[in-house]
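Owing to the predicted nature of the structure, the values given are computational and were not obtained by experimental measurement. Excluded from the calculations below are hydrogen atoms, water molecules and symmetry mates; all remaining heavy atoms, backbone and side chain alike, are included. Protein chains get the first letters and strands the later ones, always in sequence-line order, with residue 1 at the start of each.
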Amino acid sequence: MAARFNPLEADARWQKLWEERGTFHASGDGARPRAYILEMFPYPSGRIHIGHVRNYTMGDVLARYKRMDGFDVLHPMGWDAFGMPAENAAMEKKVHPGDWTRSNIDTMRAQLKLIGLAIDWSREFATCEPDYYGHEQALFLDLYEAGLVYRKQSEVNWDPVDMTVLANEQVIDGRGWRSGAQVERRKLSQWFLRITAFADELLDGLGELDQWPDKVRLMQENWIGKSQGLRFRFDLASEGKESPSTGSGRTEGGSGVGGEALDAEAVRPRTGSGAVEALPSSFEVFTTRPDTIFGASFAAISPDHPIALALAEGNAPLADFIAECKQGGTTAAELETAEKKGFDTGIRVVHPLDSEWTLPLYVANFVLMDYGTGAIFGCPAHDQRDLDFARKYGLPVTRVVAPSPEEAAEPIGDEAYSGPGRLVNSRFLDGLTAEDAIRDVIARAEAEGWGEGTIVWRLRDWGVSRQRYWGTPIPIIHCEACGPVPVPRDQLPVVLPEDIDFETPGNPLDRHPTWSKVDCPDCGAQARRETDTLDTFVDSSWYFIRFASQPDDSPFDRAEAESWLPVDQYIGGVEHAILHLLYARFWTRALKRIGRLDVDEPFSGLFTQGMVTHVTFQDPEGRWLTPEEAEAHPGPVTRGRVEKMSKSKRNTVDPEPIVDQYGADAVRWFMLSDSPPERDLEWSEAGIQGSWRFVQRIWRLAAEEAGRGSSTWLGDGEDLALDRKVHRTIAAVGANIEALAFNKAVANLYELTNALEKAAPSPSRSRAVEILIRLAAPMVPHLAEEAWAALGREGLIADAEWPAADPALLVEEEVTIAVQVNGKLRDTLTAPKGAAKELLEEMALASDKVARILDGKPPRKVIVVPDRLVNLVA
RNA sequence: GCGGACGUGGCGGAACCGGUAGACGCCGGAGACUUAAAAUCUCCUGCCCCUCGGGGCGUGCGGGUUCGAGUCCCGCCGUCCGCACCA
């Protein structure tokens, strides 16, 4: 029996055996309850990094535990293989994106296998292969036919040098990240998925996801952004109905009577070209606070609003103002400090509840075109932005909500009041609560026909067109005569051409000599293939369904997919809290709506794990150094913060050499130790060495036990205290793994190991060693197999049963009672479990230490918590 | 600005429902084994005082509730994350 566990030899041997036996294939035979454990599949960027190792180890522990606990476990792996890095590599390294991607997949698959994951590799696929994306095209057409896909003009970030569309993240300070060219806004005709049609159910569905982190649910809720309010119409005032009230602070009943008549000519936009005649006679605004309608002092529209654009024609100052609004950064700091600016159009709009009352119409930089209606009414007293704006332009500020009657006349200072209260200065609304006033105004608007209660969402439809090569081709053909025509099903998949050219900028599909030239499926005329590809988030919106069921001739088999879904536990980074998870939820619901799959939510349990961090080092010039460089550096070196591993900070750790040195189990154990899984884990050399020591400690226990000649050794009888410890550990480790509290499960195993090392040989101890190995098996599977075999056990430990905790042994016979005086711990005593209060009190009073503190006086009051403590109040 | 999370030894972190704060690991210290080192093992390790019996102080800060608060309430301070002119 080897004195040391040698992972370099053992790891590969067990991995090979698991693979040969198909140990981790999900059977789906229905003999056992099922569990679907999934980690977010990786993008094949080149090599596995340590964050992957942490992510997949967590899922693996759960999968292995569930297997031992009697479940038929589906734990698959695949590749999110489309995306821009492959195209970048193609341009930089002159390799085909497909070659680059597939070779990365080969590398990373081999690396993942080194850490001994319990994965059903028979289900592996990559999204960049036609046998995946062809089915995706079919699903896209299903949604298209169901009216859930449409086409519209939409703005994109256009890099004029690279001739390509940029994602927002690729625009840095208004310039393309690669070319450095000034980015332009361009309108392109693009495909959209109607996710907004599911806004309500996506929001409501969050309520049932009780095994999701609150944080993620909240983020999604905010992202969906439901606002209830009133949409109503402002009529433009006809000439001669101007109602001046500027600066005088309108109060109750002010209806535009009096004041000087405005010189219409002076404020009228200088149209000359008759543009004003083309203006609509009204426009709509949206508000969540219709109760404050009598506090209105202006109306404002977005610089992108059609009325603003129409007015700008022939009005150079306004055109300049609009241009100015479009400049300026969109960063947090800039927006925070950005001044509220407006341009008075000179036009006035009629207050909907008083035809004699008109308000000035501004074009304002803080009104967004793509939220609500792109137009607002300004109520300065109860909205901070409106207040800032009103102060700047001398507009009236009228309080219409007061928290108490005394404050009704209180003027508004520098802060708008947005709290609760009752209406004041609001005619027939006076005295109502804000909530009642909202209902009243909405009802009135609907009855009178100038507005209606409505819901506005922040969520936008999902634009899925990407002007890229390395993605799923959108299966549409554009015909001059017939318009967009779906590719006939028997012509799917629409396969990406291999012979492409990355030498010239732009989308290679556009430039391909023949690929896009096809006949119209409807009329046969020459037509053009859609050359846009799908957003890669589409690929990841249904891969978990394909894992569950992968027939050749359709995306999935409904019954089979439903038998596994939803995913019981999904594990991945919090960076996907919104987009990926929302899109996958949408896609699942869309499939349900079109009758393809009866699943509401794709992931019933979600866990977002923390990052792996590492120290950073810098030389005096601020250059980042790797830890090795820092050690060898001749000059002074600054030890920086512990940060997320990144190439730029040179603090990454490549897992492969570490696995080579310490073995998979030590690395896995380290990934699970110390830090709670949802928090960041700091990588350290000391930490991995500690894990290595622990692996060897378990091995020594097993080797020593095996050396006794199986369980023929008979010691001094049973060791009841150890038995209790063992069974408490069984219960604790199982509960902690189920709760994904791996750091606590690790601590439980350390405790048991400490106890075993101290325990004298006995049959109890022999049994305990075997149980320890079974409990550790999900975490350190290679060591566990090796030890299992060394102990002469039959079969694989991967197939062994999770030990059952004996309830009788979970109950303590004796408990330690804390004895407090005035809440301060003074002594402890040992008492039988369940001892009577009177007995505990008596024992506490008998304590010397207590007697000394009490100094002969009897306690005024005695509190006894059975099995816990006695508190004597002096 | 809005929303959220968090704050416990030198470090990562435990602490069920308000009931012995600091489990477990790392670092550090002392010792054993060794010619020596590594490895391994044993013990110690929150801070401060001490007559070595013990005593005092301790969960970001200040209050409060309670027999009793890391845990609950109020007010601050700090760190991190998300969103962002959302009407």
Under a 4.0 Å heavy-atom cut-off, which of [range] touch RNA chain B?
range: residues 375-388 of chain A; result: I376(A), R385(A)
range: residues 826-840 of chain A; result: R826(A), T828(A)
range: residues 810-818 of chain A; result: T816(A), A818(A)

Quiz item: Across the strands shown, which category fits V574(A) at heavy-atom distances under 4.0 angstrom: base, sugar-phosphate, nothing?
Solution: nothing

Exercise. Pick base, sugar-phosphate or nothing for I863(A), based on heavy-atom distances below 4.0 Å to the nucleic acid.
Key: base

Exercise. Any chance you could list the contact pattern along nucleotides 5-16 of chain B? Use B for base contacts, S for sugar-phosphate-only contacts and - for none, protein heavy atoms under 4.0 Å, 5' to 3'.
Key: -------BSSSB

Quiz prompt | F670(A) CZ to C26(B) P, straight-line distance once rounded to whole Å | solution = 11 Å

Apply salt bridge (charged side-chain N to carboxylate O under 4.0 Å, His left out) to [X] and list each qualifying residue two or more places apart in sequence or on a separate chain.
X: D383(A); answer: R385(A)
X: K649(A); answer: E643(A)
X: R697(A); answer: E757(A)

Quiz item: Centres of the W692(A) and F670(A) rings: under 6.0 Å?
Solution: no

Practice problem: Using both pair distances under 3.5 Å as the test, note the stems of at least 3 consecutive Watson-Crick or G-U pairs that include RNA chain B. | Solution: B:1-7 with B:77-83, B:10-12 with B:24-26, B:28-32 with B:40-44, B:46-49 with B:54-57, B:60-64 with B:72-76

Quiz item: Who passes ring pair (Phe, Tyr, Trp, His ring centres under 6.0 Å) against F694(A), sequence neighbours left out?
Solution: W669(A), Y750(A)

Exercise. List in chain and number order the residues that pass ring pair (Phe, Tyr, Trp, His ring centres under 6.0 Å) with F366(A), two or more places apart in sequence or in another chain; answer none if no residue qualifies.
Key: F389(A)

Could you pull out every donor-acceptor pair under 3.5 Å between side chains of residues 829-852 of chain A and any protein atom, sequence neighbours left out?
| residue | atom | partner | partner atom | Å |
| --- | --- | --- | --- | --- |
| S847(A) | OG | D827(A) | OD2 | 2.7 |
| S847(A) | OG | K849(A) | N | 3.2 |
| S847(A) | OG | V850(A) | N | 3.2 |

Got a list of side-chain donor-acceptor pairs under 3.5 Å for residues 726-736 of chain A, not counting sequence neighbours?
| residue | atom | partner | partner atom | Å |
| --- | --- | --- | --- | --- |
| H727(A) | ND1 | D806(A) | N | 2.8 |
| R728(A) | NH1 | E812(A) | OE2 | 2.4 |
| T729(A) | OG1 | K725(A) | O | 2.7 |
| N736(A) | ND2 | A732(A) | O | 3.2 |
| N736(A) | ND2 | N748(A) | OD1 | 2.8 |

